[in-house]
Structure formats: structure tokens, C-alpha cells
Engineer: 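Okay, here's the structure, questions in a sec.
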Amino acid sequence: MSRKIFTAIAWAVLASIVFVTLSPIGWRPHFGAVSLERAGAFAVVGLLFGLAYPDRLWRVLSLMAAAALLLEALQHLTPDRHGRLSDAVVKILGAITGVGIAWLCTRAHAAFAPVARKR
């Protein structure tokens with residue numbers, strides 16, 4: 001998949017996370033344990049951003065951490081939501097996992113792509 005596709009999907013997923021996080025609590029989809037949902041959502045978006053920007057992983061991690069902290073802070077502006085530092089930590093750990101997987105994928109691709117081209 002090209003980086004442009006990963007970039008578009010990554011920003012769309014992040015926008016979706018922002019919408020779901022700041023919308024009324026009744027609009028939030030439920031898939032399982034709330035902490036697992038938070039970590040999973042940020043792992044996915046971290047993976048997508050990591051694949052979209054493989055040469056800027058520290059910036060991606062910074063963006064994910066800033067997004068998690070900002071979203072938790074912005075929840076204090078909504079009447080039925082509440083932001084917690086512990087929720088932000090869960091999101092950041094999920095993002096670190098996703099970016100780490102992206103790093104592994106790009107390293108594996110770099111290692112095996114020359115072998116595949118020789119055939």
C-alpha cells in the first residue's frame with residue numbers, strides 16, 4: 001500500500017477518534033472493556049501513522065501523545081464526559097504499541113524486499 005493511502009486513512013481514523021471522544025457519551029460505540037478500546041484505537045492510529053510516516057516515528061509518537069492528552073483535556077469542556085490522566089496514559093501506551101509494530105513492519109519490509117526483487 002502506498003504511503004498516501006496510509007496517510008489518508010491515518011488522518012481519517014484520528015478524526016473519527018476525535019469525534020467519538022468528544023461527542024455525547026451515548027454516541028460512543030462499545031466493543032468491550034473501555035481501556036482496551038482506548039488502547040486499541042490508539043494502537044491502530046499509531047500503526048497507520050507509523051506506516052504513513054516511517055521516517056518520522058518520533059514525531060508520530062509526539063503527535064499521538066499530544067492527541068491523547070489534548071483529547072482528555074477537551075473532555076472537560078463537554079457536559080457528560082470527563083478526562084483523566086490515566087486514560088491518556090492508556091492511549092499513549094496503545095500508540096507506542098502501534099508505532100512499534102509499524103517500525104517492525106518497515107524494518108521487515110526493508111530486509112525482505114531486496115530478496116523478493118532478486119527472484
Engineer: Are D87 and R38 close enough that some pair of their side-chain heavy atoms sits under 4.5 Å apart?
Structural biologist: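 A side-chain contact under 4.5 Å exists here.
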Engineer: Enter the distance from S62:OG to L57:CG here, rounded to the nearest 0.5 Å.
Structural biologist: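 Reported to 0.5 Å precision, the distance equals 10.5 Å.
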Engineer: Say whether, by atom type as modelled, one donor and one acceptor occur between the side chain of T97 and the main chain of L93 under 3.5 angstrom.
Structural biologist: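 Yes; judged by distance alone, with no hydrogens or angles, the pair exists.
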Engineer: Step through the shown structure and confirm whether more than 12 heavy atoms of other residues, nucleotides or ligands are within 6.0 Å of CZ on R56.
Structural biologist: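 Counting neighbours around CZ of R56, 12 or fewer heavy atoms of other residues, nucleotides or ligands fall under 6.0 Å, so no.
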Engineer: Could you report the tightest heavy-atom contact between L48 and A10, atom names first, then the distance?
Structural biologist: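 The pair with the smallest heavy-atom distance is CB-CB, 3.7 Å.
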Engineer: Going by heavy atoms in the side chains, are F42 and I17 under 4.5 Å from each other?
Structural biologist: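 Yes, at least one pair of side-chain atoms sits under 4.5 Å.
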Engineer: Find out if a path of hydrophobic residues (ILVMFWY) with successive side-chain heavy-atom gaps under 4.5 Å connects M64 to V90.
Structural biologist: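 They do not share one cluster, since no chain of ILVMFWY contacts under 4.5 Å joins M64 to V90.
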Engineer: Might you point out which heavy atoms bring A52 and T7 nearest each other, and give the distance in Å?
Structural biologist: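 That closest heavy-atom pairing would be CB-OG1, 3.4 Å.
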Engineer: Are the side chains of V13 and F49 in contact, using a 4.5 Å heavy-atom criterion?
Structural biologist: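 They are not in contact (no side-chain heavy atoms under 4.5 Å apart), so the answer is no.
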Engineer: Can you list every pair that meets salt bridge (charged side-chain N to carboxylate O under 4.0 Å, His left out) and has a residue in residues 66-78, with sequence neighbours left out?
Structural biologist: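 Qualifying pairs, neighbours excluded: E72-K91.
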Engineer: Using modelled atom types only, decide if a donor and an acceptor are shared between the side chain of H82 and the backbone of H76 within a distance under 3.5 Å.
Structural biologist: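 Not at all, since once roles are kept as given, no pair shorter than 3.5 Å links the two residues.
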Engineer: Does V89 belong to the same Ile/Leu/Val/Met/Phe/Trp/Tyr cluster as L36, with side-chain heavy atoms less than 4.5 Å apart forming each link?
Structural biologist: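 No; L36 is not reachable from V89 via cluster members.
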Engineer: Can you see which heavy atom on L74 is nearest to which on L22, and at what distance?
Structural biologist: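 Shortest heavy-atom contact: CB-CD2, 3.7 Å.
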Engineer: About how many Å separate CG of L85 and CD1 of I92, when rounded to the nearest 0.5 Å?
Structural biologist: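 One finds 8.0 Å between CD1 of I92 and CG of L85.
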Engineer: Would a 4.5 Å heavy-atom cut-off, applied to side chains only, mark L47 and V99 as touching?
Structural biologist: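 No, side chains not in contact.
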Engineer: Quick check for you: to the nearest 0.5 Å, what is the distance between T106 atom OG1 and W103 atom CH2?
Structural biologist: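 Reported value, rounded in 0.5 Å steps: 7.5 Å.
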Engineer: Find the distance between CG (L14) and OG1 (T21) and round it off to the nearest 0.5 Å.
Structural biologist: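 Going from CG on L14 over to OG1 on T21, the span is 9.0 Å.
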